[in-house]
Amino acid sequence: MKKTGAQILCESLLQEGVEVVFGILGGAVLPIYDTLPQYPQLRHILVRHEQGAAHAADGYARVTHKAGVCMATSGPGATNLVTGIANAYMDSVPLVAITGQVARAFIGKDAFQEVDITGITLPIITHNYLVTSVGDLARTIKEAFHIAQTGRPGPVLIDIPKDVQQEETEFVYPDKVDLPGYKVVSRGHTAQVRKAARLINESERPVVIAGRGVIISEAYEDLRELAEKAQMPVASTLLGISSFPCDHVLYLGMLGMHGTPRANMAVQGADLILAVGMRFDDRATANTDGFAPNARIVHIDIDPAEIGKNVPADVPVVGDILSVLRAINKELEVKDRLAWLSQLDQWGYEHPALRVPDGDGLLPQYVIRQICEATAGDAVVVTGVGQNQMWAAHYYTYSKPNSFVSAGGLGPMGFELPGAMGAKVGAPGETVWCVAGDGGFQMTIQELATLTQERIAVKIAILNNGYLGMVRQWQELFYERRYVHTGLWNPDFVKIAEGYDIPAVRVRRREEVAPAIREAMAYDGPFLLDFMVEPEENVYPIVPPGESLGRFLESPAPAAVQRWA
Ligand SMILES: Cc1ncc(C[n+]2csc(CCOP(=O)(O)OP(=O)(O)O)c2C)c(N)n1
Ligand SMILES: [Mg+2]
């Protein structure tokens with residue numbers, strides 16, 4: 001029986017196990033939307049901006065480990081997806097973006113709402129397609145999901161001209177892909193695995209740096225086994241948070257520009273770094289010239305292009321993290337490494353961090369701690385970008401694997417609300433908190449309407465400091481306190497929420513924090529808390545730009561600040 005391109009798209013999505021599509025319609029996707037009612041198994045969530053669709057699909061993908069799907073019309077709909085696609089690319093998130101395109105006869109004519117979206121997205125996409133014949137559509141969708149979800153995950157875009165959506169052909173969904181140039185190496189090379197294990201066995205001061213690859217590969221147990229067997233302490237990158245239990249005695253915290261003293265000093269003092277599914281991002285390494293000066297580096301990654309890109313590796317192992325860690329674990333000797341671990345404890349003692357200062361002021365760190373307490377470290381926390389992100393990274397004790405969702409590589413303000421929305425749709429049984437900046441929240445605030453229309457019960461905590469806080473912090477520390485255009489006039493977020501039919505509470509004092517969080521959690525639906533936090537609170541420690549990991553500022557002591565100004 002013949003089917004239209006639009007029907008073939010829907011049938012193929014069902015074949016791929018897709019349950020949810022985030023999108024907004026327009027002229028060039030009308031045939032697809034007109035077909036949707038024939039497929040009630042496909043839930044469509046109508047967002048209010050295509051950036052929201054892409055971020056929501058991204059949040060959904062991160063919690064489910066399945067490709068998130070977003071859909072937009074041609075031209076402005078497609079370009080509005082671009083930030084979300086770039087974000088998924090930078091953070092290796094499986095995403096399938098479907099865009100309508102003008103009819104084939106109009107392509108290249110500057111037709112109404114025509115853009116070359118395959119051209120625009122080329123550098124920020126794992127792969128993309130312009131489907132020029134309905135006969136290619138099913139195979140294209142099969143390939144797109146395969147490429148998005150296997151190997152190093154990432155975004156794939158499928159651009160479908162309107163007349164291809166209307167054209168008919170026989171529908172046969174292929175049961176396998178035929179991509180001769182696309183090879184995924186999953187098992188690490190045996191000799192490299194042996195070398196890696198030998199270096200670990202011989203080392204005295206080893207450190208694991210766990211990245212998002214551990215989460216993508218769901219290798220939590222294997223990482224834990226490795227750490228415990230070899231008594232190797234574990235630092236994580238920002239995106240590696242929740243790959244290893246935060247309350248584990250071997251956990252050092254996050255490393256990097258805002259890393260904990262213990263994590264950064266461990267890396268600088270190590271004789272061996274085991275880098276697991278991380279890409280030596282500059283926010284993680286600080287100045288690479290001074291990075292881990294005494295360490296040999298074993299780098300495990302599924303993407304060979306990552307090996308040696310930023311930091312040279314002594315022993316590269318290309319493969320899937322789960323399979324490589326399992327292989328290494330078999331070769332590991334049981335060690336106690338007491339001298340090294342007590343050295344780390346000593347450093348931790350000399351450089352205490354992450355204490356919430358006493359006092360009356362409403363500190364953002366205190367708010368995060370209270371959310372952590374109220375949820376027993378068991379919620380999924382989705383952050384914005386900036387100070388709120390760093391406080392959420394540091395002050396919540398993530399006890400469950402893959403419970404910290406944050407946009408690290410691209411760092412787009414505005415991820416928080418749609419990202420949390422997608423995470424809640426993907427994990428409806430979890431409590432999902434959106435930790436928002438007052439600046440970032442306003443970049444995608446319109447998705448409050450989607451929460452209400454779809455009854456998506458995200459709990460929102462705005463850390464309202466009245467500033468583009470992270471940038472203000474840089475102005476304070478590195479531009480002699482010249483606050484140029486970082487102060488924000490903000491609307492009344494409680495009234496805004498009420499306008500969207502979302503109950504909301506403003507919190508000004510410490511003693512109001514816990515009851516407000518309880519009220520938000522008791523409510524069956526989305527709820528917003530507007531925390532009026534100390535405006536000029538800073539994120540510490542911070543490694544000033546250009547410095548190496550060991551040179552962090554720990555406190556706002558004026559002398560130290562001047563030295564770096
Ligand atoms: C889309 C986008 N524009 C600009 C920036 C640069 N930037 C990084 S953090 C930040 C401040 C964020 O302010 P807010 O959302 O209030 O978070 P806070 O740092 O105050 O917690 C800015 C402007 C960015 N990351 N993303
Ligand atoms: Mg702010």
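As the structure lists them, so they are numbered: ligands from 1, and atoms in each ligand from 1. These figures come from a predicted structure and were not determined experimentally.
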Derivation and outcome, side chain to side chain contact (heavy atoms under 4.5 Å, CB included), residues Phe531 and Asn464: CA-CA 6 Å; Phe531 292 103; Asn464 187 347; 5.8 Å; no
Has Gly411 got any heavy atom lying under 4.0 angstrom from an atom of ligand 1? yes
Donor + acceptor pair across side chains of Asn490, Gln442 (<3.5 Å): yes
What residue and atom, counting heavy atoms only, is the protein's closest point to atom 15 (O) of ligand 1, and at what distance? Gly440 N, 2.7 Å
Say whether Leu463 and ligand 1 are in contact under the criterion: heavy-atom distance to a ligand atom below 4.0 Å. no
Check each atom of ligand 1 against the heavy atoms of Met470 and keep those under 4.0 Å away; list them by number with element. 9 (S), 19 (O)
Under 4.0 Å from ligand 1, counting heavy atoms only, is it the side chain of Met443, its backbone, both or neither? side chain
What atoms in ligand 1 come closer than 4.0 Å to a heavy atom of Val385? 9 (S), 12 (C), 17 (O), 25 (N)
Could you tell me whether Asn465 approaches ligand 1 through its side chain, its backbone, both or neither, with non-hydrogen atoms closer than 4.0 Å? side chain
Hey, is Arg506 close enough to Asp492 for a salt bridge, meaning N to O under 4.0 Å? yes
Contact atoms of ligand 1, heavy-atom distance to Val471 under 4.0 Å: 7 (N), 10 (C), 22 (C), 23 (C)
What is the closest protein heavy atom to atom 14 (P) of ligand 1, and at what distance does it sit? Gly439 N, 3.6 Å
By atom name, which N, O or S atom of Asp438 is the nearest to the Mg ion (ligand 2)? OD1
Number the atoms of ligand 1 from 1 as they appear, then name those within less than 4.0 Å of a heavy atom of Gly386, with their elements. 9 (S), 19 (O)
Starting from atom 5 (C) of ligand 1, what is the nearest protein heavy atom, named by residue and atom, and what distance separates them? Met413 SD, 3.5 Å
Greater than 12 external heavy atoms within 6.0 Å of Asp501's CG: no
Assess whether a salt bridge exists between Arg62 and Asp91, defined as any Lys/Arg side-chain N lying under 4.0 Å from an Asp/Glu carboxylate O. yes
List the closest protein heavy-atom neighbour of atom 17 (O) of ligand 1: residue, atom name, distance to the nearest 0.1 Å. Asn388 ND2, 3.1 Å
Trace of the side chain to side chain contact (heavy atoms under 4.5 Å, CB included) decision for Ser92 with Ile216: CA-CA 9 Å; Ser92 308; Ile216 293 170; 3.9 Å; yes
Less than 3.5 Å between some nitrogen or oxygen of Trp391 and one of ligand 1, yes or no? no
Does ligand 1 have any atom that is closer than 4.0 Å to a heavy atom of Gln389? no
Output yes when the distance from some N or O of ligand 1 to some N or O of Tyr467 is under 3.5 Å, and no in every other case. yes
What residue and atom, counting heavy atoms only, is the protein's closest point to atom 13 (O) of ligand 1, and at what distance? Leu468 CA, 3.4 Å
What do you get for the angle at the Mg ion (ligand 2) between OD1 on Asn465 and O on Tyr467, to the nearest 10 degrees? 80°
May I ask you to decide if Tyr523's main-chain N or O and Lys459's side chain share a donor-acceptor pair within less than 3.5 Å? yes
How about His299 and Phe280: are their ring centroids closer than 6.0 Å? yes
When rounded to the nearest 0.5 angstrom, what distance separates CD1 in Ile215 from CD1 in Ile321? 11.5 Å
Arg369 NZ/CZ over Tyr395 ring centroid, <6.0 Å and within 45° of normal: no
Start with the C-alpha gap between Arg279 and Arg212, add the side-chain angles, then the distance that decides, and say whether side chain to side chain contact (heavy atoms under 4.5 Å, CB included) holds. CA-CA 9 Å; Arg279 58 189 175 85; Arg212 188 169 135 69; over 6 Å; no
